[in-house]
Amino acid sequence: MKEYFKRDDIKVYLYPDALFHNVKALRNRCKPNVKFCAVVKANAYGHGIREVVNILKTTDVDFFGVASIYEAFYIAESVNKQQILVLEPLHTGQSKETLFRCAQLELHCTLASIETAKYIESILKNTLVKLRVHIKIDTGMGRCGVSDSEAEELVDFVCNCRTMQLAGIYTHFATADEKDLSFAKEQINCFQRVLQNLRTYFTKDVIIHAANSAATIKLPESHFDMVRCGISIYGYSTIEKPLPVELKPALKLAAPIVHITRIGKGRSVSYGRTFTANRTTKIAVLPVGYSDGFWRFFSNKIKLIVNDKPAPVIGRVTMNQIIIDITDIPDAQLGQPVTVIDNRFDSPCGVYSLAETSGTICYEILTNIPPWANIILTRKE
Ligand SMILES: *Cc1c(COP(=O)(O)O)cnc(C)c1O
């Protein structure tokens, strides 16, 4: 991840206690010997990857899961005893230097095709390097991985080559968050058949894993040797509510009022004049817009929180600013923080509410939080 400036007025309040609580609650659903991989890809789902790693590295988390090797490089110095699992597959566009660095940092890399395996062998064969790989099997996700029928060829290749070491075998679910778990169970069956065929290749050091958050919560038979939890450690889930586990939201985002003014009845607000005041209206401007992840789609659609009171977003969301109606909040002041993403489930700008309004999922709301937000570790929720 590129270094970027921070702006200290857009604040992400990050609650370490919520992260600790969620990891513990998820771990409690697993047998004690099951390893825990905390997924911190996409800037820790918008929460700040280095901050989250620094908080969770003091716990009994075993692995940090990242999307790319570049994220892994970014946090490699920050981890304690934890290992780093890279979920995106290695590919033939990666240079020798890059592969070397992966090996040097002892990253656990995903291998998802025989072509890539041959490429790695050819690139590293004259070195003493041994890359740790987790072979990904596509049991029904339809994205990355070797099919069940190709799995043996790839495992055999890795176990008989000099440049790689088999460190894990895994798969990923397509529907574990849905009410109907029949397809997820077919995926488990397929995975188990593959594992059965490959039994002769395993040592006990090979980590078998499959479960994302939803499967960790709902499918104990999918836990194997390790679970990989992302969204749930941040306090959210796409599983039907009520959840069988208590999760606590780990962040709140706030931005200050930078301008207050009064407009007369009949005056309009922002581009396209999509809002016209039907009374004398006190308006406040906030320094967040669609370039800060606050979608233009939210124009005239949602309410933010000022002093515990709802303030509607009026007019179009612009690139760097939005306008809210504070007529009914007389104590609202210049500089005052306004809650833009709330950590309360019942808030009009809570993550579930924002997701529902815009036809998306909590993941996308959170990952839109810009990396220039100022992350502040906070005790009180
Ligand atoms: C993102 C991801 C996860 C975590 O998924 P959540 O639903 O956020 O728990 C686990 N495994 C893989 C392969 C992923 O890409």
Side-chain angles (χ1 to χ4, degrees), residues 18-19 22-23 25-27 29-30 34-47 49 52-53 56 61-72 75 83-90 107-113 133-146 167-178 181 183-184 187-188 191 207-220 222-240 243-245 247 249-251 351-352 355 360-369:
L19 292 170
N22 296 334
V23 168
L26 293 158
R27 260 202 174 284
R29 299 190 76 80
C30 306
V34 172
K35 291 182 197 296
F36 193 92
C37 173
V39 179
V40 294
K41 64 192 180 191
N43 199 27
Y45 294 49
H47 293 64
I49 187 168
V52 170
V53 165
L56 291 182
V61 160
D62 302 282
F63 272 82
F64 287 108
V66 294
S68 68
I69 55 175
Y70 309 98
E71 280 176 320
I75 60 163
Q83 301 192 279
I84 300 175
L85 172 65
V86 183
L87 300 165
E88 242 172 54
L90 291 165
L107 303 183
H108 289 240
C109 294
T110 292
L111 181 63
S113 76
V133 297
H134 288 227
I135 289 178
K136 187 162 190 181
I137 305 194
D138 183 6
T139 58
M141 171 65 186
R143 193 174 56 177
C144 289
V146 283
I169 299 187
Y170 78 103
T171 191
H172 191 46
F173 293 111
T175 61
D177 60 340
E178 291 180 9
L181 290 173
F183 189 70
Q187 285 194 259
I188 297 176
F191 191 47
I207 305 167
I208 310 295
H209 50 112
N212 54 6
S213 293
T216 302
I217 295 169
K218 294 203 302 183
L219 283 165
S222 72
H223 292 179
F224 297 95
D225 300 329
M226 179 163 83
V227 297
R228 308 182 304 262
C229 293
I231 194 73
S232 54
I233 65 179
Y234 307 103
Y236 296 95
S237 171
T238 41
I239 305 174
E240 204 185 358
L243 297 179
V245 56
L247 299 176
L251 72 68
V351 172
Y352 287 133
T360 185
I361 50 174
C362 42
Y363 297 69
E364 203 180 1
I365 299 293
L366 293 169
T367 56
N368 260 298
I369 295 172

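Being a predicted model, the structure only gives us computed values, none of them experimental. Atoms within a ligand are numbered from 1 in the order they appear, just like the ligands themselves.
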Q: For the pair Arg228 and His172, evaluate side-chain hydrogen bond (donor to acceptor under 3.5 Å, both in side chains) and give the outcome as yes or no after the intermediate values.
A: CA-CA 10 Å; Arg228 308 182 304 262; His172 191 46; 3.2 Å; yes
Q. What are the atoms of ligand 1, with element, lying closer than 4.0 Å to any heavy atom of Tyr363?
A. 6 (P), 7 (O), 8 (O)
Q: Indicate yes or no: does an N/O atom of Gly230 lie under 3.5 Å from an N/O atom of ligand 1?
A: yes
Q | Closest protein heavy atom (residue, atom, distance) for atom 12 (C) of ligand 1 | A | His172 CE1, 3.3 Å
Q. What is the minimum heavy-atom distance between Ala18 and Pro249, and which atoms define it?
A. CB-O, 3.5 Å
Q: Quick one: look up the protein heavy atom nearest atom 9 (O) of ligand 1 and list residue, atom name and how far away it is.
A: Ser213 OG, 2.5 Å
Q. So, for Thr216 and His223, which heavy atoms are closest and what is the spacing to 0.1 Å?
A. O-NE2, 3.0 Å
Q. Side chains of Tyr236 and Ser213: donor-acceptor distance under 3.5 Å anywhere?
A. no
Q: Give the ring-plane orientation class for Tyr363 versus Tyr45, where under 30° counts as parallel, over 60° as perpendicular and anything between as tilted.
A: tilted
(Q) Using every non-hydrogen atom in the two residues, find where Ile49 and Val40 come nearest and quote the distance to one decimal. (A) CD1-O, 3.2 Å
Q: Measure the distance from atom 8 (O) of ligand 1 to every protein heavy atom, then report the residue, atom name and distance (to 0.1 Å) of the closest one.
A: Tyr45 OH, 2.6 Å
Q | Closest approach of any protein heavy atom to atom 1 (C) of ligand 1, naming residue and atom | A | Lys41 NZ, 1.4 Å
(Q) Just to be sure I read this right, does ligand 1 sit under 4.0 Å from the backbone of Leu87, its side chain, both, or neither, counting only heavy atoms? (A) side chain
(Q) Taking 4.0 Å as the limit for heavy-atom contacts, which would you say applies to Arg228 with ligand 1: side chain only, backbone only, both, or neither? (A) both
